[in-house]
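Order of the sequence lines fixes the chain letters, A, B, ..., with proteins taken first and strands second; residue numbering starts at 1 for each chain.
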Protein chains: 2
Amino acid sequence: MKKDKSGCDLSTCMFCRLCVPEWRPAIQAHKQTYTVKKGGLLFKEGDPVQGIFFLFSGSVKVHKHWGEEKELIVRFARRGDIVGHRGVGSTQLYPVSATALEPVEVCFIPLEFFQASLKVNHEFLYAMMLFYATELQDSEQKMRNLVNMPVKGRVAYALLLLAEKFGQDAEGNIDLILSRQDLASYTGTTYETAFRVMSELIQEQAIAVSGKSIAVTDTAKLQVYSQLQ
Amino acid sequence: MKKDKSGCDLSTCMFCRLCVPEWRPAIQAHKQTYTVKKGGLLFKEGDPVQGIFFLFSGSVKVHKHWGEEKELIVRFARRGDIVGHRGVGSTQLYPVSATALEPVEVCFIPLEFFQASLKVNHEFLYAMMLFYATELQDSEQKMRNLVNMPVKGRVAYALLLLAEKFGQDAEGNIDLILSRQDLASYTGTTYETAFRVMSELIQEQAIAVSGKSIAVTDTAKLQVYSQLQ
DNA sequence: CGAACAATTGAAAAGATTCAAGAGTTGTGG
DNA sequence: CCACAACTCTTGAATCTTTTCAATTGTTCG
């Protein structure tokens, strides 16, 4: 791991990686690295935007709320991902919350410094634009799935996506501890329905559950459910 | 209307407006303006990305397909809006189609020139990044609505959004001729369901229909349906 | 141990889709 | 100007999916 003086892992921190060397000292001065424990909030929907977060380790869910009860998980983020960028734009408020699913180490960049960097560092700005463009594509792909797929297809699709993003061990276990409730919120359904669908998938030996982790055992079966048409 | 030599309306063309004056001649040389008739395609999902479109007049729907029958309208665009930017990113293919709802005049910028402009024009790049960020927020807002709102709420929300975006005349008619089928595709439901919901809203005098245009007559009632919680 | 919370299951209800069929519109060619 | 075909519009009824409610079991943790 290449780390800079403040302990920032250059291989995973997009911000530090993209900054030209001369800027490093300024970044050192502005960024803050700290940890958030499991269940802790990085920021909350409706809060004024303070800055951007880069994750060094751990994982978080990014979610939008609906009344007191309901939520929709928009995205999961892990080591190397950016969080809080959804606050950049017209409004001054975060449109989503970010909650740690396990202890996370974050690199926090205050908004003013982040924006100043964007203004000065063309490469970084370009990378950020591409990043937003990709996020937009993903978001709309997910939107179509939510609208046109039955729950089973959405769960299958979600598991394939998570397996790819978080990786799997030898047994196929996805490297993310995910509660049924969170899976339900991610696939836009209720806890009970998510549970029932999971049971079916286990029955069909498409997936397996051991302890708290979920394993994809038959990718092809899941692909059938998450297929177009 | 301030127009440049090629007939580009500077007040509505984000691209031309953001370009520094010295760049205008180069733009003139690269961009193409032409019209697409009603029902015509600007580009199709899966096509290789050729460039970006800026709309001078008319309106288009941006939609994703699902098998042969189903589609989800992701967004409507009008005068001044950008279309085709969803193709920018990892893949080389448009993730959506764009179809003219009425005759449109477009300013087409080939991708290479668009990207070259981004590389050179910092202001433009910054504006594009903010634009993507805003689109992302809108997309996720819509996603939450699709997941958590009943159809009636989604239709109500859609109509309020369209009224705001496209404007209304004295009678409240939204300045966009929208078929029930398109409204259904936009709200992620079927033609019949959209029809029934519209009938209810007419009954409740929240909206009115005269000819092909839809009028919002009682904003407050629609807001109740599209409300959070 | 007991309290709180997560998991599990069944049954009823709600919401939306699908199918089907008839009414109304539009456009075309004779 | 009418007849016909091809649409879109409109409505009812059956069906399916998903949610909701409710009740029971299992697990965790102070």
Side-chain angles (χ1 to χ4, degrees), chain A residues 37-39 61 66-73 99 101-102 143-158 177-204 207-214 225-226 229, chain B residues 37-39 61 66-73 99 101 143-158 177-204 207-214 225-227 229:
Chain A
K37 60 186 175 185
K38 183 177 173 177
K61 62 175 176 179
W66 188 261
E68 284 302 300
E69 304 284 295
K70 295 177 180 177
E71 68 168 4
L72 173 70
I73 295 179
T99 303
L101 294 174
E102 46 187 318
M143 184 152 64
R144 181 179 64 175
N145 291 346
L146 284 171
V147 169
N148 287 310
M149 274 183 185
V151 174
K152 199 168 184 177
R154 305 207 298 264
V155 169
Y157 186 84
I177 301 301
L178 188 64
S179 71
R180 306 282 156 110
Q181 181 56 67
D182 279 343
L183 186 66
S185 299
Y186 187 53
T187 53
T189 187
T190 57
Y191 178 89
E192 290 94 331
T193 302
F195 176 83
R196 284 181 238 257
V197 167
M198 290 275 285
S199 298
E200 286 180 54
L201 290 174
I202 293 168
Q203 214 81 62
E204 299 166 18
I207 63 173
V209 173
S210 58
K212 290 205 170 184
S213 54
I214 303 170
Y225 288 121
S226 62
Q229 264 176 6
Chain B
K37 59 186 175 185
K38 183 177 173 179
K61 61 175 176 179
W66 187 261
E68 284 301 299
E69 304 284 294
K70 294 177 181 176
E71 67 167 7
L72 174 69
I73 295 179
T99 303
L101 294 174
M143 183 152 69
R144 181 180 63 177
N145 290 347
L146 285 170
V147 169
N148 287 311
M149 273 185 186
V151 174
K152 199 167 184 176
R154 304 208 297 265
V155 170
Y157 186 82
I177 302 300
L178 189 64
S179 72
R180 306 280 155 109
Q181 181 56 67
D182 280 344
L183 186 66
S185 299
Y186 187 54
T187 51
T189 186
T190 58
Y191 179 88
E192 291 93 329
T193 301
F195 175 83
R196 283 180 238 259
V197 167
M198 290 274 286
S199 298
E200 286 181 55
L201 290 174
I202 292 169
Q203 215 79 62
E204 298 167 19
I207 64 173
V209 173
S210 58
K212 290 203 170 184
S213 54
I214 303 168
Y225 288 122
S226 61
Q227 220 152 46
Q229 264 176 7

Undergrad: Can a side chain N or O of A:Arg180 be found less than 4.0 Å away from OP1 or OP2 on C:dT8?
TA: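 Yes, within the criterion.
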Undergrad: Decide side chain to side chain contact (heavy atoms under 4.5 Å, CB included) for A:Leu101 and A:Asp182; before the verdict, give the C-alpha distance in whole Å, the side-chain angles of both, and the deciding distance to 0.1 Å.
TA: CA-CA 10 Å; A:Leu101 294 174; A:Asp182 279 343; 3.5 Å; yes
Undergrad: Using a strict cut-off of less than 4.0 Å between a Lys/Arg side-chain nitrogen and an Asp/Glu carboxylate oxygen, indicate whether B:Glu192 and B:Arg180 qualify as a salt bridge.
TA: no
Undergrad: Nearest whole Å is fine: how far is C:dA21 C1' from B:Phe195 CZ?
TA: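 Spelled out: CZ on B:Phe195 to C1' on C:dA21 is 15 Å.
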Undergrad: How many Å lie between CD on A:Gln181 and P on C:dT8, as a whole number?
TA: 14 Å
Undergrad: Compare all side-chain heavy atoms of B:Lys152 with those of B:Leu201 and state whether any distance is below 4.5 angstrom.
TA: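 With C-beta onward as the side chain, the pair touches.
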Undergrad: Rounding to a whole Å, what distance do you find between B:Leu183:CG and D:dC9:P?
TA: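 Spelled out: CG on B:Leu183 to P on D:dC9 is 12 Å.
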Undergrad: Rounded to the Å, how far apart are A:Met149 CE and D:dC16 P?
TA: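 Atom CE in A:Met149 sits about 22 Å away from atom P in D:dC16.
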Undergrad: Are any of A:Thr189's side-chain N or O atoms less than 4.0 Å away from OP1 or OP2 of D:dT19?
TA: yes
Undergrad: How many whole angstroms separate atom CE of A:Met198 from atom P of C:dA6?
TA: 16 Å
Undergrad: Let's see if you can work this out: which of D:dT8, D:dT11, D:dT18 has an atom nearest to the side-chain heavy atoms of B:Tyr191?
TA: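 Looking only at heavy atoms from C-beta outward on B:Tyr191, the closest nucleotide is D:dT8.
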Undergrad: Taking the side chain of A:Glu192 as its heavy atoms from C-beta onward, which of D:dC21, D:dT18, C:dT18 lies nearest to it?
TA: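 For A:Glu192, the side-chain atoms sit closest to D:dC21.
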Undergrad: Nearest-Å distance, CD (A:Glu200) to C1' (C:dT9)?
TA: 14 Å
Undergrad: Determine whether a donor-acceptor pair (one donor, one acceptor, N or O, separation below 3.5 Å) exists between the side chain of B:Arg196 and the base of C:dG15.
TA: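 No, the side chain and the base share no sub-3.5 Å donor-acceptor pair.
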Undergrad: For A:Asp182 and C:dC5, what is the distance between atoms CG and P respectively, to the nearest whole Å?
TA: 17 Å
Undergrad: Using distance alone, with no hydrogens and no angle criterion, decide if B:Tyr225 and B:Glu204 have a side-chain donor and acceptor under 3.5 Å apart.
TA: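 Yes, side-chain donor-acceptor contact under 3.5 Å.
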Undergrad: Tell me whether the OP1 or OP2 atom of D:dT19 has a side-chain N or O from A:Thr190 closer than 4.0 Å.
TA: yes
Undergrad: For the pair A:Arg144 and B:Glu71, find out whether any cationic side-chain nitrogen is under 4.0 Å from an anionic carboxylate oxygen.
TA: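 No, no charged N to carboxylate O under 4.0 Å.
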Undergrad: Rounded to the Å, how far apart are B:Lys70 NZ and C:dT18 C1'?
TA: 10 Å
Undergrad: Check whether any side-chain nitrogen or oxygen of B:Thr193 sits under 4.0 Å from OP1 or OP2 of C:dT17, and answer yes or no.
TA: yes
